[in-house]
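Numbers here are sequence positions counted from 1. All heavy atoms count here, side chains included; hydrogens, waters and symmetry mates do not.
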Amino acid sequence: MTREPAERTQHERTETERIEDWFDEQGLPYFAGDHARDVEEWVTSWRIVTVLVAILLVSAAVGVSVGLKVDDGPTGSVTGGIVFTVALAAFAGSFLRMGTMVRWAIGRTFGSLGLLLPLLTRALPLLLLAVTFLFINAEVWQVAALMSRSVLWWAVGFFAGFGVLFLLARLPEEVQAVEGAAVGDRIADACAKTPAAAASRRLGGQVTALPRFARANLVLVLLFSQAIQVFLLALGLFAFFMAFGALTIPSSTIEAWTGEPVSLLPSAIGRTMPVTNDLFQVSVFLAAFSGLYFTVSAVTDENYRRQFFSGLSAELERAIAVHAVYQTLMRDQSARDQPAGDESV
């Protein structure tokens, strides 16, 4: 009898460790206390400001150096922007543990392509109709084909950034809706086939408001999932525009639209494939614009939202339920450990 409490405590500590591993596999590193505390200490302190300033200064220095070397300011600015993005992504992916979220989002997207295709067939017809009209519009070619390559990439970045901001403004609503549904008996049902299944039946769980970093984790997982879908859509539309333009729009028409001679891509690709620089730039510009259009319609069209979030909402509810059980286990473990410490004093 004297060994039972110790054995039970060891068992529950093993359960919490298995649940923490499950959180990591599901792209939820901020659901475990240690990770969340470490990230929160960094993000809410001056250390994060120091890191961001250092990345910004290094990126600016690289951009200025490249711009002076090639005697082209826009190229230097794009280079600096790329360095800043890569360095920030490396920091977020490693220290802030966002890499686990991206890996989960990629795995889920490619593991559920069968569910993605019906969603795209709902959004693509109207989208293709609109952007194909723009694709054969002379004014679009005059703008997109004649802009410098650096301005083109800044335009793509603007579309991507605006789409991310729009998602960040709307996705928390989806998390709050799912969080309110994970109550009562649904906790045990949602925890089925997870490391928290046995504990949910034994202990139950009372869902309290998610910590802000755990809620931010869910928003980021949704953001990355949506961003990967949008990227795949934009990539497919880019290939469509390249093929459609190469087949139907001759160089003479492009010259009539832009008023400038047609040039091949300034790379080895231009020597082996009949791809013009004008067609490449217009295809990139319209693919990025289509991605923004799809992003906005994805979270504003009620039918698409219902289809897209029907699968994700179950996974979000499971994560919230497992977190409730995990918190219950941690509270019980802390309550048992506290009296033992008091008695030893």
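- Two rings, from F31 and F213, have their centers 6.0 Å or more apart.
- Under the 6.0 Å cut-off for aromatic ring centres, W141 and F135 qualify, their centroids lying closer than that.
- The shortest non-hydrogen separation linking V296 to F166 is CA-CE2, 3.9 Å.
- Shown here are the side-chain hydrogen bond (donor to acceptor under 3.5 Å, both in side chains) partners of T194, two or more places apart in sequence or in another chain: there are none.
- Proximity of a side-chain donor or acceptor of N217 to a complementary backbone N or O of G27 within less than 3.5 Å is detected.
- Among residues two or more places apart in sequence or in another chain, the side-chain hydrogen bond (donor to acceptor under 3.5 Å, both in side chains) test is passed with S77 by W154.
- Considering only residues two or more places apart in sequence or on other chains, W22 meets the side-chain hydrogen bond (donor to acceptor under 3.5 Å, both in side chains) condition with none of them.
- Taking the six-membered ring for Trp and the full ring otherwise, the centers of F285 and F159 sit less than 6.0 Å from each other.
- Note on L57: it clusters hydrophobically with L52, by side-chain heavy-atom contacts below 4.5 Å among ILVMFWY residues.
- At a cut-off of 3.5 Å, with distance as the only test, no side-chain donor of Q26 or R318 sits close to an acceptor on the other residue.
- Between L237 and S290 the shortest heavy-atom distance is CD1-CB, 3.4 Å.
- Although no hydrogens or angles enter the test, the distance criterion places a donor-acceptor pair under 3.5 Å between the side chain of Q281 and the main chain of M147.
- The residues E173 and R170 are annotated as salt-bridged, a charged nitrogen and a carboxylate oxygen being separated by less than 4.0 angstrom.
- A distance-only check finds a donor-acceptor pair linking the side chain of T132 to the backbone of L128 [under 3.5 Å].
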